[in-house]
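Working notes, structure below.
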Amino acid sequence: MHRGVGAAFRWAWKMAASGAEPQILVQYLVLRKDLSQAPFSWPAGALVAQACHAATSALHIHRDHPHTAAYLQDLGRMRKVVLEAADESTLKELAETLQQKNIDHVLWLEQPENIATCIALRPYPKEEVNQYLKKYRLFK
């Protein structure tokens with residue numbers, strides 16, 4: 001059993017015992033929109049791979065956090081929201097803001113080019129991070 005699982009069970013048990021509904025956890029990803037357009041014109045599969053890399057990395061790095069452990073307990077109910085950032089500078093500005101506000105996240109850098117492509121937050125209750133992400137639209 002994973003080290004963070006016990007904490008997740010204690011958290012869920014505490015919520016159930018208090019009569020409160022368990023919080024709905026969401027993993028947010030912010031992917032660069034300009035990579036899908038000229039001059040980059042990355043194929044859809046390459047963009048999806050970037051989001052997958054970032055999401056997997058954030059889950060792994062923050063695997064011991066109770067929210068991550070709880071999120072991974074019910075794989076059929078995982079929620080992800082993929083948002084778009086206009087370009088690399090917008091993505092890096094968001095990463096800086098998240099860092100300053102102590103929001104756990106990963107800024108994925110595609111190698112060997114060292115290109116920032118996607119930000120993935122660890123799973124959070126929507127209410128805790130919505131204020132930092134509300135200006136970003138759903139990725140299209």
Side-chain angles (χ1 to χ4, degrees):
M1 185 178 281
H2 192 275
R3 291 179 287 166
V5 172
F9 283 125
R10 286 191 298 277
W11 173 74
W13 180 258
K14 183 178 176 183
M15 294 297 290
S18 71
E21 288 290 318
Q23 291 178 311
I24 295 173
L25 299 170
V26 179
Q27 184 177 29
Y28 286 94
L29 297 112
V30 183
L31 186 59
R32 280 180 54 188
K33 180 66 175 174
D34 66 323
L35 293 175
S36 68
Q37 303 162 341
F40 301 105
S41 301
W42 288 19
L47 292 174
V48 170
Q50 297 304 303
C52 290
H53 292 324
T56 302
S57 179
L59 291 171
H60 179 71
I61 290 169
H62 300 288
R63 66 188 172 275
D64 292 329
H65 192 283
H67 285 161
T68 303
Y71 181 81
L72 294 171
Q73 285 303 302
D74 192 355
L75 298 177
R77 293 186 181 219
M78 288 189 298
R79 294 180 185 209
K80 286 186 174 42
V81 175
V82 182
L83 305 170
E84 63 183 38
D87 52 31
E88 187 174 24
S89 64
T90 304
L91 193 71
K92 286 183 172 181
E93 287 171 16
L94 174 59
E96 188 174 311
T97 298
L98 296 173
Q99 176 98 19
Q100 291 171 356
K101 301 299 182 181
N102 294 315
I103 303 298
D104 294 334
H105 70 283
V106 169
L107 173 62
W108 186 257
L109 300 174
E110 177 62 9
Q111 298 300 329
E113 301 88 356
N114 209 36
I115 297 172
T117 59
C118 187
I119 290 174
L121 280 64
R122 71 158 168 82
Y124 271 94
K126 181 178 169 179
E127 305 78 34
E128 286 186 32
V129 294
N130 195 37
Q131 63 184 329
Y132 308 112
L133 303 169
K134 63 184 174 186
K135 73 177 187 178
Y136 299 94
R137 300 181 322 187
L138 289 175
F139 189 91
K140 293 181 185 177

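From a predicted model like this one, the values you see are computed outputs, not experimental measurements. Atoms considered below: every heavy atom in the structure, side chains included; atoms not considered: hydrogens, waters and symmetry mates.
The structure places CD of Glu128 at 10.0 Å from CG of Asp104, a figure rounded to the nearest 0.5 Å. Going from atom CG of Leu29 over to atom OH of Tyr136 covers 14.0 Å, rounded to the nearest 0.5 Å. The distance from the CD atom of Glu127 to the CD1 atom of Ile24 is 8.5 Å, given to the nearest 0.5 Å. One finds the CG atom of Leu91 at 12.0 Å from the CD atom of Glu96 (value rounded to the nearest 0.5 Å). Atoms CZ and CG, from Phe40 and Asp87 in turn, are 9.0 Å apart once rounded to the nearest 0.5 Å. Within the model, atoms CG of Leu83 and CG of Leu31 stand 10.0 Å from one another, a figure rounded to the nearest 0.5 Å.
When atom types are taken as modelled, the side chain of Thr68 and the backbone of His62 share a donor-acceptor pair closer than 3.5 angstrom. Using modelled atom types, one side-chain atom of Arg32 and one backbone atom of Ala116 make a donor-acceptor pair closer than 3.5 Å. A donor-acceptor distance shorter than 3.5 angstrom exists from the side chain of Gln27 to the backbone of Leu121, with no hydrogens or angles considered.
For Lys33 and Phe139, the positive end sits near the middle of the six-membered ring, less than 6.0 Å away and at most 45° from its axis.
A side-chain donor-acceptor contact under 3.5 Å links Asn114 and Gln111.
The side chain to side chain contact (heavy atoms under 4.5 Å, CB included) test with Leu107 singles out one residue from Ile119, Val30, Leu94, and that residue is Ile119. With respect to Thr117, the side chain to side chain donor-acceptor pair (under 3.5 Å) criterion is satisfied by exactly one of Glu110, Gln50, Glu88: Gln50.
Within the 4.5 Å cutoff, side-chain heavy atoms of Pro125 are placed close to those of Leu25.
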side-chain contact (heavy atoms from CB on, under 4.5 Å) for Arg63 and Arg122? Distances and angles first, verdict last. CA-CA 9 Å; Arg63 66 188 172 275; Arg122 71 158 168 82; over 6 Å; no
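Applying the side-chain hydrogen bond (donor to acceptor under 3.5 Å, both in side chains) criterion to Tyr71, with sequence neighbours excluded, gives Lys80.
Neither Tyr132 nor Val106 shares a network with the other; the hydrophobic side chains, linked directly or stepwise wherever heavy atoms of I, L, V, M, F, W or Y lie under 4.5 Å apart, form separate groups for each. One hydrophobic cluster holds both Val26 and Leu138 under the rule that ILVMFWY side chains link at heavy-atom gaps under 4.5 Å.
For the ring pair (Phe, Tyr, Trp, His ring centres under 6.0 Å) condition, the pairs that include at least one residue of residues 103-131, sequence neighbours left out, are His53-Trp108.
The two residues Cys118 and Ala54 come nearest to each other via the heavy atoms SG-CB, 3.8 Å.
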